[in-house]
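Keep in mind that this is a model prediction, so the values were computed, not measured. In what follows, chains are A, B, ... by sequence order, proteins preceding strands, each numbered from 1.
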2 protein chains.
Amino acid sequence: MTPVQGARARARAEITAAIKDEARRQLAAEGAAKLSLRAVARELGMVSSALYRYFPSRDELLTALIIDAYDAVGAAAEQAHAAAVHAAPGDHLAQWTAACRAVRAWALAHPHEYALLYGSPVPGYTAPRDTVGPAARVALLLVGTARAAHEAEGVALPPLPDVLVPEAERLAADVAPDLPPALAVALASAWAQLFGLVSFEVFGQFHRVVEDRDAFFAAAAERLGREVGLLPRP
Amino acid sequence: MTPVQGARARARAEITAAIKDEARRQLAAEGAAKLSLRAVARELGMVSSALYRYFPSRDELLTALIIDAYDAVGAAAEQAHAAAVHAAPGDHLAQWTAACRAVRAWALAHPHEYALLYGSPVPGYTAPRDTVGPAARVALLLVGTARAAHEAEGVALPPLPDVLVPEAERLAADVAPDLPPALAVALASAWAQLFGLVSFEVFGQFHRVVEDRDAFFAAAAERLGREVGLLPRP
DNA sequence: CGCAAGCAAGAGCAGTGCTCTCATTTCAGT
DNA sequence: ACTGAAATGAGAGCACTGCTCTTGCTTGCG
């Protein structure tokens, strides 16, 4: 795009990145609520008002971090999925669980950023349009896995209750017109349930309840995969 | 317990309740992050420092609200469950879904309190021991439904993967020694997944994705019930 | 070269959680 | 019934926060 930007623009990009880095550091250390513009500025050796040249408000800074985090977890899942496709080309269930495990691993490694994405929404703050793209990456990856399995060998799902048929058709038309409506509904359920499992673990709800969480999650993710019709080692 | 407490103790209880009420109002209006001790005091016509005679810190006030909220959602679920037991005595699946729907309804009616319980943990704040009892009410209700079904007609579950067997036995011994280990694991999964569905809805993740959320949730809750071996109308 | 735009600094405003001191009220033991 | 201790409320104050506004300095384009 801009082949050689002026020194000023470069400095601006560098400072913006430095602000986000420092903010991410504070986020990881203390959580979103303790992320303070003044502290970020202090750590960067500037004065708080200067920060407003780069981010018009604290919420805008948070938004930038949210977008980066969605991209990070999406990239982690996509990478793990691609590796699984390479390692076990036809095993769609293994590919599914690989993506799920990558999401979980990223969440456990970045709990505060995960909380920003899938925890309580920041009050008075509604996610701007820019976040929906990155936010959909993981969901689209799950849809893609199910689509590959469906194209390769077809999936068998139990019939839907009658009341859900219109919603299922609408949902399928919206997100995956090539997939059967029952599969679209199953995917939406599995999507939410996957993050339920991850959130419970990251937010400590499994404390003193589930101990061997690796094995527990692996089994649960595989069950979710079967729920959307995936089968092992075809 | 205390048959007739002095006027002072009564006043203390009343003021404590008034503080919690006003705090709950602000919580519902603006969310946890904007809950301000000073604003609560202002609204109650007292000075902020006086509040510290009743709650030693803002976090302690939050803890009190959290315990109340756990009790409220637990009571809502228990009441819906009891009604279902009365209306359809043998239909354990209907009882299960009734409890799930009650949790969802409470969450949608009190989104900010729900976020306090199942959203991002408040930073720097770890839930004290007093919360674990109320927090377990919904989980215990789900366990109880599964136990009733198991005692009445037995439940059939797929076998566990080998790696999960030790964890399953430990988990069953901990929370429900009378239930088969595979059922205990399935219950823990269903528990987390149920709140995944509710959280996605309350936190807006289903925005522009799932539209007919009543039907969607009802179907998902029923699937969760089948996952723990419940069967309709025996 | 000049001048507009970009930028940092500082002061300041309104708000926050929390602590401390100082009166006053209430209650209990003698 | 009286007194001393405990509980309570008021107020000032500290160290923060996000954010705005004004004031100059620097940069780089036309």
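Taking atom CZ of A/Arg12 as the reference point, atom P of D/dG28 lies 14 Å away to the nearest angstrom. Taking atom CD1 on B/Ile19 and atom P on D/dT8, their separation rounds to 11 Å, with Å as the unit. Rounded to an integer number of Å, the gap from B/Leu51 CG to D/dA7 C1' is 15 Å. The interatomic distance linking B/Lys34 (NZ) with D/dG18 (P) rounds to 13 Å, in whole Å. In this structure, CZ of A/Arg53 is placed 12 Å from C1' of D/dG24, rounded to the nearest angstrom. Per the geometry, CE belonging to B/Met46 stands 16 Å off C1' belonging to D/dG11, to the nearest Å.
Take A/Arg137 and apply the salt bridge (charged side-chain N to carboxylate O under 4.0 Å, His left out) test, not counting sequence neighbours, and it matches A/Asp71, A/Glu78. Partners of A/Asp212 under the salt bridge (charged side-chain N to carboxylate O under 4.0 Å, His left out) rule, at least two apart in sequence or in another chain, do not exist in this structure. Here B/Phe217 pairs with nothing under the ring-ring contact (aromatic ring centres under 6.0 Å, His included) rule; sequence neighbours left out. For B/Glu22, the salt bridge (charged side-chain N to carboxylate O under 4.0 Å, His left out) criterion is met by B/Arg25, not counting sequence neighbours. Residues meeting the salt bridge (charged side-chain N to carboxylate O under 4.0 Å, His left out) test with B/Arg223, sequence neighbours left out: A/Glu227.
Contacts of A/Leu35 with the nucleic acid, taken as non-hydrogen atoms under 4.0 Å apart, involve only primed sugar atoms and P, OP1 or OP2. Among the heavy atoms of the strands lying under 4.0 Å from B/Ile15 are primed sugar atoms or P, OP1, OP2 only; no base atom is included. Within the 4.0 angstrom heavy-atom criterion, no nucleotide atom of any strand lies near A/Phe55.
When DNA chain C is scanned in the 5' to 3' direction for atoms under 4.0 Å from non-hydrogen atoms of chain B, the outermost contacting nucleotides are C/dT16 to C/dC27.
The salt bridge (charged side-chain N to carboxylate O under 4.0 Å, His left out) contacts involving residues 102-120 of chain A comprise A/Arg104-A/Glu201, A/Arg104-A/Asp214, where partners must be two or more places apart or lie in separate chains. Residue pairs meeting the salt bridge (charged side-chain N to carboxylate O under 4.0 Å, His left out) criterion with at least one member in residues 45-54 of chain B, sequence neighbours excluded, do not occur.
Across the interface with DNA chain D, nearest-nucleotide mapping of A/Pro56 and A/Arg42 shows A/Arg42 to be the residue nearer the 5′ end. When the nearest nucleotides of DNA chain C are assigned to B/Tyr52 and A/Val47 by heavy-atom distance, the more 5′-ward of the two goes with A/Val47.
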Could you run down the sub-3.5 Å N/O contacts of the protein with nucleotides 12-14 of chain D?
residue : atom : partner : partner atom : Å
D/dG13  : O6   : B/Arg38 : NH2          : 3.4

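No side-chain donor-acceptor contact under 3.5 Å links A/His81 to the backbone of A/Ala99.
Within a 6.0 Å radius of CD in A/Gln79, other residues, nucleotides and ligands contribute 12 heavy atoms or fewer.
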